[in-house]
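Contents: one structure, followed by commentary.
Since the structure is predicted, the reported quantities are computational estimates derived from the model, not experimental observations.
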Amino acid sequence: MNYDKVFKNVQNLHKINFKQIIKVNKYDDNFSLTEDYYNFNKYVGNGVYQNGSFKYGIAGCCTKCDSNAILDKNEKWNKKDKIDYDKYYKDYRLKYVSHGSHTLDFLNAANLDKTEIQDLFKNKSWIDTPILFLMENPSIDYEIYNECENGKFPTNTWYWIHRRLQEPSNVNLDEYLKQGKYGEMVYSLICKYKLANAYLTNVIKCGLNGYKNGKDNYLGTVWYKDECKRTCINEILTKEIQMLCNGYEEIKVFAYGSNAYWLAKDYFQNSSSETLENLDIQLVQLPHPSSRLSNNFRKYVVKGIIEDVLKSKKQFALNHKYLPVVKDVETQLKKCFAMNDIEIGKRTHNDKLAIRTKTQSSLFNTTESLISEVEIIAGKNNQHLNNSVKIGYGYNFLTGEFWGWNYESREFIEYENIKTFDIFKEVIERLVL
């Protein structure tokens with residue numbers, strides 16, 4: 001456990017958070033969540049303090065994407081709800097601005113100074129493996145934002161933390177593994193698993209907000225323009241990861257909810273960031289704090305996943321290959337099956353197999369059609385599968401899983417013993433390993 005290395009990395013994270021994302025007045029290299037820079041507001045009982053605020057206020061915030069944020073009605077946007085775009089969404093803009101918080105910030109909020117944190121890490125077997133907790137984007141205003149000169153609303157209270165916290169020895173994990181707990185949940189995980197180098201942030205730092213039916217409302221990242229998401233990830237999240245992992249060769253990433261997970265997965269596997277080249281990356285999805293998962297089950301799901309990842313470098317490990325291009329996968333499969341005198345086409349036939357593919361869009365590879373899933377399918381009594389009913393087998397490039405499917409009974413089947421599956425598996429493993 002190298003405290004000095006962690007401390008130096010946190011100083012650099014603070015520069016990103018408080019000079020680039022939001023701009024804090026009177027920032028210096030000692031900036032921290034202490035009374036020198038932060039007003040801790042009064043105690044209100046039951047271990048709870050009111051939200052604090054940055055002592056010298058906020059001078060401004062990042063505006064890189066302000067003119068290029070929301071999809072317009074002529075572009076590809078989420079129309080599942082068939083909503084009235086002009087009525088509800090045309091005036092939405094990037095409004096609320098968040099930043100990240102590190103283990104050292106949480107411990108400062110628990111009133112531990114540098115010496116006490118060093119002693120804690122030394123005596124309690126804390127680990128300094130880089131841990132990244134990811135949320136998607138800011139939502140509505142919970143009275144934590146102040147308007148600045150450029151018309152945006154950066155947080156004026158320390159994001160994810162806000163106030164004084166309990167000392168680590170007094171934190172009960174199960175108390176915070178509940179619906180609606182965000183920073184509190186992560187702090188309890190930090191304390192339970194002794195994570196000295198954990199960092200919590202939104203993948204996209206700005207919320208896309210407007211008013212719907214007279215109420216403050218926000219949109220998920222599916223509504224943001226690709227260029228906006230790409231800019232924020234490339235210019236902010238990349239720097240955060242670089243600083244968090246400076247001097248380390250691995251990172252364990254826990255993404256809350258499917259949107260944060262898929263943004264992260266696309267970035268880690270399809271971007272050309274040099275920051276990621278030499279990192280061993282584990283990425284896993286956790287249930288979002290706002291999900292309807294029962295709290296009785298949530299604590300077992302969250303703890304089980306985190307413990308598995310912390311104990312092993314293999315659980316949920318990502319390879320660094322991009323998702324393959326559709327035409328490359330099809331070409332390789334056709335070539336290999338042809339060597340075994342089997343023709344693959346687009347339609348099933350007694351002497352022919354059919355190939356089906358699904359594609360995946362990417363923020364970071366926009367020139368090629370990437371493949372998310374490939375299937376070999378055959379109608380009943382195909383000579384190459386020895387099947388009496390229509391079946392297929394395939395591979396999901398997103399989850400890294402082979403599968404088999406019975407189209408008649410509509411259920412998964414054992415695929416290893418299906419005739420010709422070994423040819424298919426050989427091609428896939430050559431492409432992804």
Side-chain angles (χ1 to χ4, degrees), residues 16-25 51 53-54 57-100 134-160 162 182 201-240 256-257 259-260 262-264 266-267 288 290 361 363 366:
I16 298 168
N17 282 305
F18 304 112
K19 293 185 71 176
Q20 183 175 357
I21 303 174
I22 68 173
K23 298 172 184 178
V24 176
N25 286 319
N51 285 347
S53 60
F54 294 106
I58 306 296
C61 59
C62 179
T63 60
K64 286 181 179 293
C65 304
D66 286 7
S67 63
N68 192 32
I70 190 171
L71 296 174
D72 64 47
K73 66 180 179 181
N74 297 316
E75 295 177 283
K76 290 176 65 178
W77 53 286
N78 181 10
K79 296 185 180 180
K80 290 181 180 178
D81 298 327
K82 297 182 180 178
I83 45 77
D84 189 330
Y85 180 92
D86 287 326
K87 181 178 179 181
Y88 291 120
Y89 298 123
K90 67 177 182 178
D91 295 324
Y92 276 57
R93 63 186 180 87
L94 295 177
K95 186 175 182 182
Y96 302 128
V97 188
S98 64
H99 64 80
L134 288 176
M135 301 286 184
E136 183 184 4
N137 63 327
S139 58
I140 61 175
D141 183 10
Y142 292 100
E143 299 182 355
I144 65 173
Y145 303 100
N146 279 359
E147 187 173 8
C148 62
E149 291 181 357
N150 56 24
K152 294 187 71 170
F153 290 73
T155 178
N156 192 41
T157 177
W158 200 290
Y159 214 81
W160 308 114
H162 312 302
Y182 290 74
T201 192
N202 283 312
V203 178
I204 306 299
K205 301 302 185 283
C206 292
L208 193 55
N209 296 80
Y211 289 93
K212 184 177 180 181
N213 298 325
K215 295 182 179 180
D216 187 21
N217 189 44
Y218 77 101
L219 298 175
T221 53
V222 294
W223 290 83
Y224 292 56
K225 286 188 177 182
D226 285 353
E227 184 58 33
C228 173
K229 291 182 281 191
R230 192 161 43 241
T231 297
C232 193
I233 292 172
N234 283 337
E235 299 195 18
I236 304 294
L237 184 63
T238 295
K239 291 181 180 179
E240 292 174 294
Y256 284 96
N259 289 343
W262 290 113
L263 284 169
D266 185 20
Y267 169 65
H288 195 278
S290 67
S361 61
L363 291 174
T366 59

Centroid-centroid under 6.0 Å between Tyr96 and Tyr218 rings: no
Can you tell if the side chain of Pro138 reaches within under 4.5 Å of the side chain of Thr155, non-hydrogen atoms only? no
Give, for atom CD1 of Ile22 and atom CG of Asn156, the distance between the pair rounded to the nearest 0.5 Å. 8.0 Å
Take Tyr145 and Lys95, measure what side chain to side chain contact (heavy atoms under 4.5 Å, CB included) needs, and give me the verdict at the end. CA-CA 10 Å; Tyr145 303 100; Lys95 186 175 182 182; over 6 Å; no
Minimum-distance pair of heavy atoms, taken over all atoms of Phe153 and Arg93: CE1-NH2, 4.1 Å
Between NZ on residue Lys23 and SG on residue Cys62, distance to nearest 0.5 Å: 7.5 Å
Gln20 and Lys205, any side-chain heavy atoms less than 4.5 Å apart: no
Could you give the distance from CD1 (Ile204) to SG (Cys65), rounded to the nearest 0.5 Å? 8.0 Å
What I'd like to find out is whether the side chain of Tyr267 reaches to under 4.5 Å of the side chain of Thr238, using heavy atoms alone. yes
Report yes if the side chains of Leu134 and Leu263 come closer than 4.5 Å at any heavy-atom pair, otherwise no. no
Would Ile16 and Ile21 count as a side chain to side chain contact (heavy atoms under 4.5 Å, CB included) if you check the C-alpha gap in whole Å, the side-chain angles of each, and the deciding distance to 0.1 Å? CA-CA 6 Å; Ile16 298 168; Ile21 303 174; 4.2 Å; yes
Side chains of Ser98 and Asn202: any donor to acceptor distance under 3.5 Å? yes
Could you give me the CA-CA distance, side-chain angles and deciding distance for Tyr224 and Asn137, then say whether side chain to side chain donor-acceptor pair (under 3.5 Å) is met? CA-CA 11 Å; Tyr224 292 56; Asn137 63 327; 3.0 Å; yes
What are the two closest non-hydrogen atoms of His288 and Tyr256, and how far apart are they? CD2-O, 3.5 Å
Supply the atom-to-atom distance Glu136 CD to Thr221 OG1, rounded to the nearest 0.5 angstrom. 3.5 Å
Output field: ring centroids Trp158/His99 closer than 6.0 Å: yes
Report the distance from atom NZ of Lys64 to atom SG of Cys206, rounding to the nearest 0.5 Å. 11.5 Å
Decide yes or no on side chain to side chain contact (heavy atoms under 4.5 Å, CB included) for Val24 and Ile58, but give the supporting numbers first. CA-CA 5 Å; Val24 176; Ile58 306 296; 4.0 Å; yes
Please say which of Glu235, Lys229, Glu227 ends up in a side chain to side chain donor-acceptor pair (under 3.5 Å) with Thr231. Glu227
Is there a side-chain contact between Tyr159 and Ile144 (heavy atoms, below 4.5 Å)? yes
Does Gly100 offer a backbone N or O that forms a donor-acceptor pair with the side chain of Asn17 under 3.5 Å? yes
Is there a side-chain contact between Tyr211 and Asp216, using heavy atoms and a 4.5 Å cut-off? yes
Distance col, row Leu219:CG vs Asn209:CG, nearest 0.5 angstrom, shows 7.5 Å
For residues Lys152 and Asp66, determine if any side-chain heavy atom of one lies less than 4.5 Å from a side-chain heavy atom of the other. yes
Run the numbers on Asp226 and Ser361 for side chain to side chain contact (heavy atoms under 4.5 Å, CB included), then give the verdict. CA-CA 11 Å; Asp226 285 353; Ser361 61; over 6 Å; no
Is the shortest side-chain heavy-atom distance between Tyr92 and Lys212 below 4.5 Å? yes
